[in-house]
**Q** 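I have a structure I would like to understand better, so I am pasting it below and will then ask my questions one at a time.
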Amino acid sequence: MIKVRFAPSPTGYLHIGGARTALFNYLFAKRQGGKFVLRIEDTDKERSTKESEQEILDSLKWLGLDWDEGPGKSADDSMYYQTKRLAVYHKHAEKLIAEGKAYKCFCTKEELDAERKKAEAEKRAFKYDSRCSLLTPEQVKAKEEAGMPYTVRLKVPKDGEVIVEDMIRGDVKTANSVLDDMIILRADGMPIYNFVVVVDDADMGITHVIRGEDHLSNTPKQIHMYKALGYQVPKFAHIPLILGRDKSKLSKRHGETAVLNYRKMGYLKEAMVNYLAFLGWSPESGKDIMAMEELIAEFDLARVHKAGAMFDDQKLQWMNGMYIRKKSTDELTDMCVPHLIAAGYITEAEAVSRREYLKKVTAVQQEKLKLINEIAGLSSYFFTEEAPLTDDAKKVWEKNAEERVKTLEVLLKIIEETGTDDKAKVEERVRLDMEAAGIKSKVYMHVIRVAVSGCTQGPGLFDVIELVGKERCIKRIKSLLAGN
RNA sequence: GUCCCCAUGGUCAAGAGGUUAAGACACCGCCCUUUCACGGCGGUAUCGGGAGUUCGAUUCUCCCUGGGGACGCCA
């Protein structure tokens, strides 16, 4: 049984890169009929928070990346929180010490920091010299009895090499001589990532470790860990990093990286998933718009790229527009309403009482939207009494100085007589009467649009007239005529 | 600095020794159209450099260059 996991540390929100890693794990698991596990790596007690954890869970749920095992999936969650498994790690550490595969190190943080600094100044790589592994049992005992704090380090071979067999990168060889004896237990007894990740992955029966390329250089150490513990080494797949505009690892300084904020900005989860899947992977079919089900059906680690991929929100926006167009009017209205409320155009109560009207507005704007939150800006004149002319609209108004008064007079008469509810009828009369008045369509269409909406662009003109309504149309036309 | 990874248009990318080097986004035209958007058609633009291997390299090897990542008692 294939089993993969996503193992975030709850020290912040779920960012784009993490979401993409989770997605690849999810797609691989589903494609292979395996299981997707969520594990919370909270051994950094300084920075871990419950709020971060909740945000990560919410983010994954929003994207539809539900886990088969993990928090909330069984009566006993303790397996999926590392701080709840401390006893397990200690037992493993003790066993390693007893077997002579690990040892207690009494070097202090200060000593090591000083050495690291010195090495840096001398422009050479710092590597712990394993001196505490040379301590005799008596010396260790004496130091312990003296109450000296210690960390526990894993003994790593000094010669030979480790090979990471990576499903994406092939065999990656590392000389053991560049590795040092890594700390597995801190002085306060808390275990270190490189240790717990191995213990947990082994205990959970993780078969494939799919993670960002930034972990590739940790992998040789982890392989030594697996071997020391007597575990089978899983398969690894290191996926390329997501890059910012300057080609460095995507981070806050490149802009918004919190997944949940993309929802706030008006992105659809379908677009997010689709776009993220295409960062570092492409389907053999060559399709570009793919729903989750299709992604699962086609996902293949062998087709994952090696090079990092730049995050480009232009394409994401295009995709978002495509998915917005696929939404039903009801669903889209649900998504637009909060933005209209936030803009102050409607109240919570009106969101319900004026539902039909809101659906009509949404329907006529559907094909224009790239982001949900654009709904307010594009629809302002449907919710305000006045519709002052934009700069572009003023130009149109001025450009048609000859015909504008006549146009509006004809329009006013039509609306006063037929109202605005029957848009087909309004359109028919506008065409007939304008022609009779000798005004060309290029002219009256633009003038009318500017008059009733204040804008030069928007939905179909007769849709706009219908939704603005008789009363406001007349008011806006008269006000323009008066100002002229 | 040391180790590791990577290298096709502006971006995402297809490509597996012989191709007119796909496609998508973006951009520019044209068409459709009352505007915008959608859609359609067309266009601009890519194999980092140098050695090999080969009849033939974008594709294989090496070097260089460039970019990135990792070097914590963070994860």
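Values in this document were obtained by computation on a predicted structure and should not be read as measured data. Lettering follows sequence order; numbering is per chain, from 1. Atom set for the values below is all heavy atoms of this structure, side chains included, hydrogens, waters and symmetry mates excluded.
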**Q** Testing the basics here: between A/P220 and A/T174, what is the closest heavy-atom pair and its distance to 0.1 Å?
**A**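 That would be CG-OG1, 3.5 Å.
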**Q** Reckon A/Q314 touches a base, only the sugar-phosphate, or nothing at all at heavy-atom distances under 4.0 Å?
**A**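 Sugar-phosphate, backbone atoms only, no base.
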**Q** Distance check, P atoms only: B/G66 and B/G49, in whole angstrom units.
**A**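 Nearest-Å result for B/G66 against B/G49 at atom P: 15 Å.
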**Q** Any Lys/Arg nitrogen of A/R253 or A/D246 sitting under 4.0 Å from an Asp/Glu carboxylate oxygen of the other?
**A**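 Salt bridge between A/R253 and A/D246, a charged N being under 4.0 Å from a carboxylate O: yes.
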**Q** Can you tell me if the side-chain N/O atoms of A/R245 get under 4.0 Å from OP1 or OP2 in B/G67?
**A**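 No, because none of the side-chain N or O atoms of A/R245 sits under 4.0 Å from OP1 or OP2 of B/G67.
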**Q** Going by the angle between their ring planes, with limits at 30° and 60°, are A/F311 and A/Y262 parallel, tilted or perpendicular?
**A**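 Correct class here is perpendicular.
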**Q** Quick one: label A/I448 by what it contacts on the DNA or RNA (base, sugar-phosphate, nothing), any heavy atom closer than 4.0 Å.
**A**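 Nothing, no heavy atom under 4.0 Å.
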**Q** Any base atoms under 4.0 Å from A/L279, or only sugar-phosphate, or nothing? Heavy atoms, all strands.
**A**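 A/L279: backbone/sugar contact only, no base atoms under 4.0 Å.
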**Q** Hey, is the side chain of A/K247 poking within less than 4.0 Å of OP1 or OP2 on B/A7, counting only N and O atoms?
**A**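 No, A/K247 has no side-chain N/O under 4.0 Å of OP1/OP2 on B/A7.
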**Q** With both distances kept under 3.5 Å, what pairs with B/U35, Watson-Crick or G-U wobble?
**A**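 None - no nucleotide pairs with B/U35, as no candidate has both distances under 3.5 Å.
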**Q** With a non-hydrogen cut-off below 4.0 angstrom, is A/N218 in contact with a base, only sugar-phosphate, or nothing?
**A**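 If one applies the 4.0 Å heavy-atom cut-off, A/N218 turns out to touch a base.
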**Q** Regarding B/C73, can its base be found pairing with the side chain of A/K109 as donor and acceptor, where the two atoms are less than 3.5 Å apart?
**A**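 No such pair is found, so the answer is no.
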**Q** Within less than 4.0 Å of OP1 or OP2 of B/C12, is there a side-chain N or O belonging to A/R20?
**A**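 No, because none of the side-chain N or O atoms of A/R20 sits under 4.0 Å from OP1 or OP2 of B/C12.
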**Q** Watson-Crick or G-U wobble partner for B/C71, using a 3.5 Å limit on both distances?
**A**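 Looking at the geometry, B/C71 pairs with B/G1.
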**Q** Mind checking if A/P459 touches a base, just sugar-phosphate, or nothing, with heavy atoms under 4.0 Å?
**A**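 Base, at least one base heavy atom under 4.0 Å.
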**Q** Under a 3.5 Å limit for both distances, which nucleotide forms a Watson-Crick or G-U wobble pair with B/G18, could you say?
**A**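 Pair assignment: B/G18 / B/C55.
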**Q** When rounded to the nearest Å, what value does the distance between P atoms of B/A26 and B/A21 take?
**A**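 Their P atoms lie roughly 26 Å apart.
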**Q** Say we look at B/U59 and B/A16: how far apart would their C1' atoms be, to the nearest angstrom?
**A**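 The answer is 7 Å between these two C1' atoms.
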**Q** Contact class for A/G460 (heavy atom, under 4.0 Å): base, sugar-phosphate, or nothing?
**A**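 Since a base atom lies under 4.0 Å of A/G460, the category is base.
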**Q** Using the P atom as the point on both nucleotides, what is the distance between B/A7 and B/C63, in whole Å?
**A**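 Here B/C63 and B/A7 have their P atoms 16 Å from each other.
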**Q** Looking across every strand, which nucleic acid part, if any, lies under 4.0 Å from A/K127 by heavy atom: base, sugar-phosphate, or nothing?
**A**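 No contact.
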**Q** Is there a donor-acceptor pair under 3.5 Å between the side chain of A/R325 and the backbone N or O of A/G321?
**A**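 Pair found, side chain donor or acceptor close to backbone of A/G321.
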**Q** For a quick check of understanding: with a heavy-atom distance under 4.0 Å over all strands, which category does A/Y193 fall into, base, sugar-phosphate or nothing?
**A**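 If one applies the 4.0 Å heavy-atom cut-off, A/Y193 turns out to touch a base.
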**Q** Identify the nucleotide, in any strand shown, that forms a Watson-Crick or G-U wobble pair with B/G29, with both distances under 3.5 Å; if there is none, say none.
**A**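 Check on B/G29: paired to B/C41, both distances under 3.5 Å.
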**Q** Distance check: side-chain N/O of A/T43 vs OP1/OP2 of B/A75, anything under 4.0 Å?
**A**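 For A/T43, the contact criterion (side-chain N or O under 4.0 Å from OP1 or OP2 of B/A75) is met.
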**Q** So, are A/R47 and A/D42 salt-bridged, with charged N and O less than 4.0 Å apart?
**A**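 No, this pair does not count.
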**Q** Would you kindly compare A/A187 and A/R169 by the position of their nearest RNA chain B nucleotide and give the one closer to the 5′ end?
**A**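 So the residue in question is A/R169.
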**Q** With sugar-phosphate meaning primed atoms plus P, OP1 and OP2, does A/K306 contact a base, only sugar-phosphate, or nothing at under 4.0 Å between heavy atoms?
**A**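 Contact class for A/K306: sugar-phosphate only.
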**Q** I'd like to check, for A/H215, whether its ring lies over the base of B/G69 with centroids under 5.5 Å apart and a plane angle smaller than 30°.
**A**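 So A/H215 does not count as stacking on the base.
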**Q** In whole Å, measure the gap between the P atoms of B/C27 and B/G69 for me.
**A**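 Looking at atom P only, B/C27 and B/G69 are 29 Å apart.
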**Q** According to the interplanar angle, ranging from 0 to 90°, do the rings of A/H238 and A/F236 count as parallel (below 30°), tilted (30 to 60°) or perpendicular (above 60°)?
**A**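 Ring orientation, 0 to 90° scale: parallel.
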**Q** So, is A/S282 near the phosphate of B/A14, with a side-chain N or O under 4.0 Å from OP1 or OP2?
**A**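 Yes, within the criterion.
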**Q** Judged by each residue's nearest nucleotide on RNA chain B, which is more toward the 5′ side, A/K221 or A/S441?
**A**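 The residue closer to the strand's 5' end, by nearest nucleotide, is A/S441.
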**Q** For A/M322, report the nucleic acid contact type (base, sugar-phosphate, nothing); a contact means any heavy atom under 4.0 Å.
**A**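 Sugar-phosphate, no base atom in range.
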**Q** Using purine N1 to pyrimidine N3 plus N6-O4 or O6-N4 for Watson-Crick, or N1-O2 and O6-N3 for G-U wobble, both under 3.5 Å, which nucleotide pairs with B/U11?
**A**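 B/A24 is the nucleotide pairing with B/U11.
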**Q** Take atom C1' in B/A14 and the same atom in B/U58, then report the distance between them in whole Å.
**A**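 Those two atoms are separated by 12 Å.
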**Q** Looking at A/E53 and A/K50, does any basic side-chain N land under 4.0 Å from a carboxylate oxygen?
**A**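 A/K50 and A/E53: salt-bridged.
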**Q** Please work out if A/G458 contacts a base, only the sugar-phosphate, or nothing of the nucleic acid, heavy-atom cut-off 4.0 Å.
**A**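 Base, at least one base atom sits under 4.0 Å.
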**Q** Counting only side-chain nitrogens and oxygens, does A/R116 get under 4.0 Å of the OP1 or OP2 atom of B/C73?
**A**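 True: A/R116 side-chain N/O within range (under 4.0 Å) of B/C73 OP1/OP2.
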**Q** Take atom P in B/G10 and the same atom in B/U44, then report the distance between them in whole Å.
**A**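 Result for the P pair: 15 Å, nearest Å.
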**Q** Work out how far the C1' atom of B/C38 is from that of B/U46, and round it to whole angstrom.
**A**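 The same atom, C1', in both gives a distance of 29 Å.
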